[in-house]
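See below for the structure under consideration.
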Amino acid sequence: VQLQASGGGLVQSGGSLRLSCKASSITWSNYFMGWYRQAPGKQREWVATFRGSTPTLTDSVKGRFTISRDVRSKSLYLQMNSLKPEDTADYYCTSRSGGREFWGQGTLVTVSS
């Protein structure tokens, strides 16, 4: 049982990163998969999700972030462009499958000004 997130790192403001999330056959969901983030001292917040085949992004990242997926490899991606210091956070991959909710470990994104 796993959701393995990767791709975080340190980047300058205006830079780009691509996060990846590898799911297992148990944790992959064609119904709901997404990304959340948690900045230091703040609550976890929703960033982007697939509900069915429909991608949705929170307003603060629209036009900068893109969520995508590869069903065959059971992978979820988050392309992050024009990064800002306020995007600094631990980013988590999540899914809902078989009546259960799964969370991966976070991958840290740090954007320097």
Side-chain angles (χ1 to χ4, degrees):
V1 176
Q2 70 171 21
L3 283 173
Q4 185 71 39
S6 63
L10 174 63
V11 64
Q12 290 187 332
S13 181
S16 298
L17 284 173
R18 188 191 194 209
L19 305 184
S20 299
C21 176
K22 183 71 171 74
S24 69
S25 59
I26 294 174
T27 58
W28 177 259
S29 173
N30 290 321
Y31 164 66
F32 181 93
M33 290 202 70
W35 292 98
Y36 282 67
R37 67 185 179 186
Q38 187 168 18
K42 295 187 177 180
Q43 290 189 334
R44 191 172 295 187
E45 66 172 355
W46 163 65
V47 177
T49 49
F50 269 107
R51 291 182 183 271
S53 60
T54 303
T56 309
L57 296 97
T58 193
D59 286 347
S60 64
V61 307
K62 284 180 180 177
R64 301 188 298 122
F65 291 11
T66 303
I67 186 172
S68 63
R69 65 183 183 178
D70 183 337
V71 175
R72 181 169 295 183
S73 67
K74 296 183 177 59
S75 297
L76 183 72
Y77 304 100
L78 187 68
Q79 178 66 45
M80 306 185 295
N81 299 326
S82 302
L83 282 160
K84 304 176 181 180
E86 52 263 44
D87 295 317
T88 295
D90 278 306
Y91 284 71
Y92 297 87
C93 177
T94 185
S95 70
R96 296 173 189 169
S97 178
R100 298 172 63 184
E101 187 173 83
F102 301 95
W103 289 89
Q105 90 292 352
T107 185
L108 179 62
V109 172
T110 304
V111 185
S112 63
S113 58

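What you see below is based on every heavy atom in this structure, not just the backbone, and it leaves out hydrogens, waters and symmetry mates. Fair warning: this is a prediction, and the values are worked out from it, not measured in the lab.
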Quick one: does [X]'s side chain get under 4.5 Å of [Y]'s, heavy atoms only?
X     : Y      : value
Val61 : Arg37  : yes
Leu57 : Arg64  : no
Tyr77 : Cys21  : no
Phe65 : Leu17  : no
Ile26 : Phe102 : yes

Minimum heavy-atom distance between Ser113 and Ser13, given as atom pair plus value = CA-CB, 4.2 Å
To the nearest 0.5 Å, how far apart are [atom1] in [X] and [atom2] in [Y]?
X      : Y     : atom1 : atom2 : answer
Leu108 : Leu10 : CG    : CG    : 9.0 Å
Met80  : Arg18 : CE    : CZ    : 11.5 Å
Ile67  : Gln79 : CD1   : CD    : 12.5 Å
Met33  : Lys74 : CE    : NZ    : 10.5 Å
Leu78  : Ser20 : CG    : OG    : 9.5 Å
Ser95  : Phe50 : OG    : CZ    : 14.0 Å

key: Passing option when Tyr36 is tested against Tyr92, Trp103, Tyr91 for ring pair (Phe, Tyr, Trp, His ring centres under 6.0 Å)   = Trp103
task = Before accepting this row, confirm whether a basic side-chain N of the pair Asp87/Lys84 lies closer than 4.0 Å to the acidic partner's carboxylate O.
result = no
Whether the side chain of [X] engages the backbone of [Y] through a donor-acceptor N/O pair (distance < 3.5 Å, no angle test) should be reported.
X      : Y     : result
Lys22  : Ser73 : yes
Gln105 : Gln4  : no
Thr107 : Gly8  : yes
Ser97  : Ser29 : no

query = Do Arg96 and Tyr31 meet the cation-pi criteria used here (NZ or CZ under 6.0 Å from the six-membered ring centre, within 45° of the axis)?
reply = no
